[in-house]
A.B. asks: 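For reference, the structure I am asking about is given below.
The chains referred to below are lettered A, B, ... by the order of the sequence lines, with proteins before strands, and numbering in each begins at 1. The model shown is predicted, which means the values in this text are computed figures rather than measured ones.
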Amino acid sequence: MNLDIMSHGVALLPYALMASIVAFAIGAIVLNDLMRAAFCLGAIWILSGLFFMVLGQEMLGVFQIIIYAGAVLSLLLFSVMLTDISEKISSLQSLPLLGFATAVSSGLVLVLIKFSSGITVSDAHQKAFYSIQDLGKSLVQNYAFPFEWISITLVAVMVSALTLARKDQNRDSR
Amino acid sequence: MISLLEIFSEKFSSWPFSALWACALTAGIVVGLALINTMYMTLLERKVVARMQNRFGPNRTGKWGVLQPFADGLKMMGKEMLVPENSDKGLRAIAPILTLIPAVLVVALLPWGETFTPVLFESGVLLFLAISSVSVASIFMAAWSSRSKFSSLSGMRAAAQIISYEIPLLIALLPVIMASGSLSLGTIVLEQSSLWNIFTPWGFVAFSIFFICSIAETNRTPMDLPEAESEISGGFHLEYSSVGFALFYLAEFMNVFSLSALSVSLFWGGWQGPWLPDWLWFLLKTYLLVGFFFLLRGTLPRLRIDHVMELAWKFLIPMGFSNLFVAWFWHSSNGAFKIVGSFLFLIVSFKFFEHLNSKFKIEKRKYTFVD
């Protein structure tokens, strides 16, 4: 975006986004309703995309939203809809587990604070130097092998999914 | 190019909280434009479909029925808001709002005129698609939280249909991005100053694929399977009444408008045109496409779900890839050779994919009559 929001005094926005991401992350773990947890995960992905955009990484934010909030979230919701959730998941309701999860996540946050103490949001807010040509060139030159490898893996996953989803004719005829 | 947000922030630069004033004014203009457009689109659709069915349409509220959208709005707000007892009340309440938000946001990215783009983004096309793709989650939310079998079926249909049609839609966009070398909507429009993309063979095919995908993405007839009244009684908004239903209705019309406007920017030269002001050209072209949506609604019967899915996966996606090749050929060759070659390749690939699909005989329906 051409207008520099950060310099116009809306410097609190990244922090508000960070706080919301943490809140939804806790929701995604703690909520018993699978669908609500999935929606919390979706909110995390959308807010992360916005966070990247606010930090000036526009392309990264857009791809984060398209791939995760658009495609992966839909697949996740679809699979939750087809899941039998008649049995209540009660493991997370137990207090010791919740306490353990809180302690671990608090520890991780403290480690993050310790190692990122010298970095400020304004440091991260650098103008991204990219163009479509640069992205395309680096994809086919520097990252050709991982790109092809991922595509082969994806094809293998798709074939596996088709095999799993195919009707078992022997079982049906019985 | 300069955006409305930048113009306002310069104008208010001496004011305290200038950025906030600029943002608020731009947001107000975007929301106002989106709402007024949508309200009168509902009236236009009713008028067009009425004329097709040899009726007059709404003509009692104000002259030619111009106040009908306001009357409809008031009537909707006066209705009782029914909430199913077993529904997930929280999710159910926010689903219509979350459906409307992306529909309004994308309006801000559209280049309405040379100096009338509310917000300029360098990767505007991708951002448009990113915001649009989020809407499927809110449809799911509405479908799931209603705790109704019809709504759940609709949610599954919507997810399957919208995800399937996202792929050919993106593939149809690639030749345009290749030709302009930019993801910015403003630059794409400016790149068409000598020749609109629709007048090239690859542009015509890409537009056709894009338009078919737009119909599926907006759940409009003949691909309104997620809403199909005769099968699932309205689907995901079956359990909604009053304002909730109105928000879904508004969002659907806003999506029709914004996808038509995106088509205009990508293929029809955007706001460019002689004599008339640029914003008027933009609106005229967009409403031409919107009118085509209405004509289809009044003309075509609903397709079957398997036909809709087959069209996306077995025809539109391979045709999109062929078109990508044709776009490369068009830009790398010259003279009559490129015109003849492009047309020839497109016709051959169209016939080839048609022939491949004709081998898959569609299963005949088995009717079971009631005794």
A.B. asks: Could you pull out all residues at least two apart from B:Asp88 that satisfy side chain to side chain donor-acceptor pair (under 3.5 Å)?
C.D. replies: A:Arg36

A.B. asks: Tell me whether A:Phe52 at atom CZ has more than 12 heavy atoms from other residues, nucleotides or ligands lying less than 6.0 Å away.
C.D. replies: yes

A.B. asks: Quick check on B:Lys89: does its NZ atom have over 12 non-hydrogen neighbours (other residues, nucleotides or ligands) under 6.0 Å away?
C.D. replies: yes

A.B. asks: Please look at B:Ile163 and chain A and tell me whether the side chain, the backbone, both or neither of the residue comes under 4.5 angstrom of a heavy atom of that chain.
C.D. replies: side chain

A.B. asks: A side-chain contact here means heavy atoms from C-beta on lying under 4.5 Å apart; do B:Glu166 and A:Ile66 qualify?
C.D. replies: no

A.B. asks: Does the pair A:Ile65 and B:Ile131 meet the rule for a side chain to side chain contact (heavy atoms under 4.5 Å, CB included), with working shown?
C.D. replies: CA-CA 7 Å; A:Ile65 295 175; B:Ile131 297 170; 5.9 Å; no

A.B. asks: Would you mind checking which part of A:Ile46 comes under 4.5 Å of any heavy atom in chain B, side chain (CB onward), backbone (N, CA, C, O), both or neither?
C.D. replies: side chain

A.B. asks: Measure B:Ser135 against the heavy atoms of chain A and call it side chain, backbone, both or neither at under 4.5 Å.
C.D. replies: neither

A.B. asks: Who in residues 101-114 of chain B is close to chain A, using a strict under-4.5 Å heavy-atom cut-off?
C.D. replies: none

A.B. asks: Any idea which heavy atoms bring A:Phe39 and B:Phe140 closest together, and the distance?
C.D. replies: CZ-C, 4.3 Å

